[in-house]
There are 2 protein chains.
Amino acid sequence: MRVSTRVEYGLMAITDIALHSENGGSVSTTEVAERQKISQKYLEQILPLLRQAGLIKAQKGLRGGYRLSRPANKIVIADVLNALDDSILAEMEIPEEEEDGALRGCINECLWGKINKKLSDYAKSVTLGEFLAECREKNTVEWDLYVI
Amino acid sequence: MRVSTRVEYGLMAITDIALHSENGGSVSTTEVAERQKISQKYLEQILPLLRQAGLIKAQKGLRGGYRLSRPANKIVIADVLNALDDSILAEMEIPEEEEDGALRGCINECLWGKINKKLSDYAKSVTLGEFLAECREKNTVEWDLYVI
DNA sequence: TAAATACCTATTGACATAGTAGGTAAATAA
DNA sequence: TTATTTACCTACTATGTCAATAGGTATTTA
């Protein structure tokens, strides 16, 4: 499953913010852009999506930046995906009424309904906190450098 | 998860063909287009994708049309999706090397890798035949009208 | 007061989607 | 043989989304 860079960058950004605000400080777009090698200007359009969804808080001005609105283990991946893209976890349209022989409704309900449920259940079951922990485990060496 | 009409129509078409060629005959684009209410001209661009993937066979000329290349229970949904779209079951790119602090690789491997595996495993596990049976069960009344 | 920050809007080039349109080749039925 | 039906191929178009780039505004802090 291939997703847009908007989603990719958004996930990278909130993960980066979660990591680097653990000490209580804020994380600026400049920092995120540099660490993650993302266009800062493009990031400036993506982060407000996460803020509008209530996942991160912004602080303007010098020493400002972003931090999580709530603990990382209270944010599930589905929250992040829905903030960044309205189609990934969306259902396929099921026609109200269908003529005999028409298969659209059946396919969208039976097939895509199940696929979407698997996807959605997983995205709702994994928290950002769990994801961070998993990534830490995978890259113990490097991560120890800047994780508290 | 929302997909393109190309994928939606392609799934409808191969399902329709599977159903209506059970007696040994062929199914023309005209028939599929009428039954499924799809633009015939657009269908004519989609069905060759399924043929090139070896899932259906074409017969030109009068009384021609399409039929399955092999039994419906030997075709898995993943085959159909891959024939119609190269991104649905594709993996996200994982960078060769990454600087410290970069998260792209971790996210694409840990997160999208797992999501893709769930998706892919399911699509490989369900055959077109099973899907047909399931749809039949769900719509017993209408389906009995034209299923052998 | 100056600098740094978030934030907003407009613009752009590239690409994909969802068709429409017209024509060609092959197979069949008459 | 001939007309018709079919698959198939190519080109075109309108629309929308993506992935930025660019410039400017408001706010906060040092």
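As the structure is a computational prediction, the values presented were derived from the model and not from experiment.
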Salt-bridge contact Glu98(B)-Arg104(B) (side-chain N to carboxylate O under 4.0 Å): no
Touch class at under 4.0 angstrom, heavy-atom based, for Ser26(B) against every strand present: nothing
Leading and trailing nucleotides of DNA chain D with any atom under 4.0 Å from heavy atoms of chain B: dT5(D) to dA11(D)
Neighbours of DNA chain D within residues 77-93 of chain B, by heavy-atom distance under 4.0 Å: none
Touch class at under 4.0 angstrom, heavy-atom based, for Gln45(A) against every strand present: base
Comparing Val7(A) and Lys60(B) on DNA chain D - which has the more 5′ nearest nucleotide: Lys60(B)
Member of Leu68(B), Leu49(B), Ile14(B), Leu128(B) meeting the side chain to side chain contact (heavy atoms under 4.5 Å, CB included) criterion with Leu55(B): Ile14(B)
Enclosure of Glu91(B) CD (heavy-atom neighbours >12, cutoff 6.0 Å): yes
Asp16(B) CG to Ile107(A) CD1 distance, which is reported to the nearest 0.5 Å: 9.0 Å
Lys/Arg-Asp/Glu bridge criterion (N-O < 4.0 Å) met for Glu130(A), Arg136(A): no
Carboxylate-amine/guanidinium contact Lys37(A) Glu99(B), below 4.0 Å: yes
Electrostatic pair Asp79(A):Arg70(A) at N-O distance under 4.0 angstrom: yes
DNA chain D: 5'-proximal contact among Gln40(A) and Gln59(A) (nearest heavy atom): Gln40(A)
Leading and trailing nucleotides of DNA chain C with any atom under 4.0 Å from heavy atoms of chain A: dA4(C) to dA10(C)
Closest non-hydrogen atom pair, Ala83(A) against Leu50(A): CB-CD2, 4.0 Å
N/O donor-acceptor pair under 3.5 Å between Asp85(B) side chain and Val7(B) backbone: no
Salt-bridge present (Glu134(A), Lys114(B); N to O < 4.0 Å): yes
